[in-house]
2 protein chains.
Amino acid sequence: MVKANEFTKRFEEICAQKGMRMTGQRRTIARVLANSKDHPDIEEVHRRANVIDDRISLSTVYRTVRLFKEAGILERHEFGDGRGRYERTQSEHHDHLIDVDSGEVIEFRDEEIERLQQLVARRLGYELTGHRMELYGRRLRAEPKPDGE
Amino acid sequence: MVKANEFTKRFEEICAQKGMRMTGQRRTIARVLANSKDHPDIEEVHRRANVIDDRISLSTVYRTVRLFKEAGILERHEFGDGRGRYERTQSEHHDHLIDVDSGEVIEFRDEEIERLQQLVARRLGYELTGHRMELYGRRLRAEPKPDGE
DNA sequence: ATACTTGCAAAATCTTTGCCTCCGT
DNA sequence: ACGGAGGCAAAGATTTTGCAAGTAT
């Protein structure tokens with residue numbers, strides 16, 4: 001919730017800047033994404049937006065999410081299942097570890113890996129412009145962890 | 001070409017083992033994949049297979065590729081464009097760097113990153129079962145490299 | 001009032017599946 | 001001959017788009 005307003009504010013700036021209109025639908029979708037701490041797919045964003053306003057169509061969610069993505073304030077991931085999963089861009093980049101049994105997604109950041117990726121790219125004659133990394137794993141032991149799904 | 005026969009042979013073993021039939025289509029598709037050093041999508045596999053035998057349908061390519069994938073002798077990647085890209089499983093795992101300008105795919109392997117991925121997973125309480133890593137980059141300078149695409 | 005947005009339905013992609021025929025064993 | 005395999009077309013799943021109507025500025 002801390003950076004939620006920041007997300008919405010930044011989006012409003014971008015809208016104003018590009019002559020795009022700040023509509024109720026966009027505001028709602030921005031709010032949904034700003035408050036999402038997980039990685040919802042489009043259907044899920046649609047579902048959550050519809051809790052606030054059930055007159056938002058799936059197309060609009062697709063179109064709005066595309067806007068956010070193009071504005072760089074939203075990132076798209078793919079975690080194995082076919083559809084795209086979205087998450088707002090954070091100041092600190094991070095990667096994901098997916099629990100192959102539960103589907104749970106854990107975020108992490110490893111400076112050393114980040115550094116090595118730059119290095120590998122340079123060694124191959126490239127300037128790194130981005131990367132995707134997902135680790136898939138199975139929980140070790142049964143540490144007490146009450147949450148299901 | 002070195003391991004091409006190995007791929008086909010292994011597939012024939014798997015077929016025999018599971019009571020699956022060694023058909024002309026499968027043989028052809030296996031041959032195409034065995035000889036592909038790049039990362040063709042299904043359409044491309046279909047196209048290449050049709051050069052050898054134009055009576056292979058797209059469905060069959062999909063079905064056969066799925067078989068290969070399930071048998072573990074073929075890997076599926078996604079390099080940003082929506083469709084799946086395939087490559088036969090190599091003895092040595094490797095990752096990919098995608099040239100964001102040309103789409104060219106460069107394979108590489110970095111032991112240190114591999115090691116760190118294991119470490120990160122374990123640190124988070126997981127046993128690493130797999131991973132996906134793609135670097136996206138832009139070529140530095142114009143080093144003499146004769147091949148275009 | 002203008003032109004950006006939306007909803008809806010249709011279309012576009014990529015992939016899977018039903019069904020009947022065909023072929024490997 | 002039996003049952004797996006293939007071709008074809010239809011169906012699925014996800015995402016995009018055309019168009020007429022609605023709305024922010």
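Lettering follows sequence order; numbering is per chain, from 1.
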Can you list, by residue number, the residues of residues 41-56 of chain A that have a non-hydrogen atom closer than 4.0 angstrom to DNA chain C?
Arg55(A), Ile56(A)
Are OP1 or OP2 of dT15(C) and a side-chain N or O of Tyr62(B) less than 4.0 angstrom apart?
yes
Arg10(A)/Glu12(A) salt bridge by N-O under 4.0 Å criterion:
no
dG24(C), OP1 or OP2 - any side-chain N/O from Arg27(B) closer than 4.0 Å?
no
So Asp99(B) and Arg138(B), do their side chains get closer than 4.5 Å, heavy atoms only?
no
Rounded off to whole Å, could you give me the CG-to-P distance for the Asp81(B) and dT14(D) pair?
19 Å
In sequence, state the C-alpha distance, the side-chain angles, and the governing distance for His96(B) and Phe79(B), and then conclude on ring-ring contact (aromatic ring centres under 6.0 Å, His included).
CA-CA 9 Å; His96(B) 302 89; Phe79(B) 295 151; 5.1 Å; yes
Under 4.0 Å between a side-chain N or O of Arg26(B) and OP1 or OP2 of dG24(C)?
no
Is a side-chain donor-acceptor pair under 3.5 Å present for His39(A) with Glu107(A)?
yes
How many Å lie between CZ on Arg21(B) and P on dG24(C), as a whole number?
9 Å
NA contact type, Gly24(A), heavy-atom cut-off 4.0 Å: base, sugar-phosphate, or nothing?
nothing
Does some side-chain heavy atom of Gln117(A) sit less than 4.5 Å from a side-chain heavy atom of Met133(A)?
yes
Take atom CG of Leu67(B) and atom P of dT16(C), then tell me their distance rounded to the nearest Å.
12 Å
Looking at Gln25(A), I'd like to know whether one of its side-chain N or O atoms comes within less than 4.0 Å of OP1 or OP2 on dA24(D).
no
Rounded to whole angstroms, how far apart are CG on Leu58(A) and C1' on dA10(C)?
14 Å
Hey, is the side chain of Ser59(A) poking within less than 4.0 Å of OP1 or OP2 on dT17(D), counting only N and O atoms?
no
Rounded to whole Å, how long is the line connecting atom CD of Glu12(B) with atom C1' of dT25(C)?
14 Å
Whole angstrom value for the distance that separates P of dG4(D) from CD of Gln17(B)
17 Å
To the nearest Å, how far apart are Phe68(A) CZ and dT5(C) P?
12 Å
Reckon Arg76(A) has a side-chain N or O less than 4.0 Å from the OP1 or OP2 of dT15(D)?
yes
Can Thr8(A) and Arg27(A) be counted as having a side-chain donor-acceptor contact under 3.5 angstrom?
no
Do the side chain of Arg63(B) and the base of dG4(D) come within less than 3.5 angstrom through a donor-acceptor pair of N or O atoms?
no
Measuring to OP1 and OP2 of dT14(D), would you say a side-chain N or O of Arg83(B) lies under 4.0 angstrom away?
no
Can you list the steps and then say if Phe7(B) with Phe68(B) is a ring-ring contact (aromatic ring centres under 6.0 Å, His included)?
CA-CA 10 Å; Phe7(B) 177 89; Phe68(B) 291 166; 5.6 Å; yes
Please compare Met20(A) and Tyr86(B) by the position of their nearest nucleotide in DNA chain C and report the one closer to 5'.
Met20(A)
Euclidean distance, atom NZ of residue Lys69(B) to atom P of dT16(C) [Å, nearest integer]
6 Å
Between Asp38(A) and Arg48(A), does any side-chain N to carboxylate O distance fall below 4.0 Å?
yes
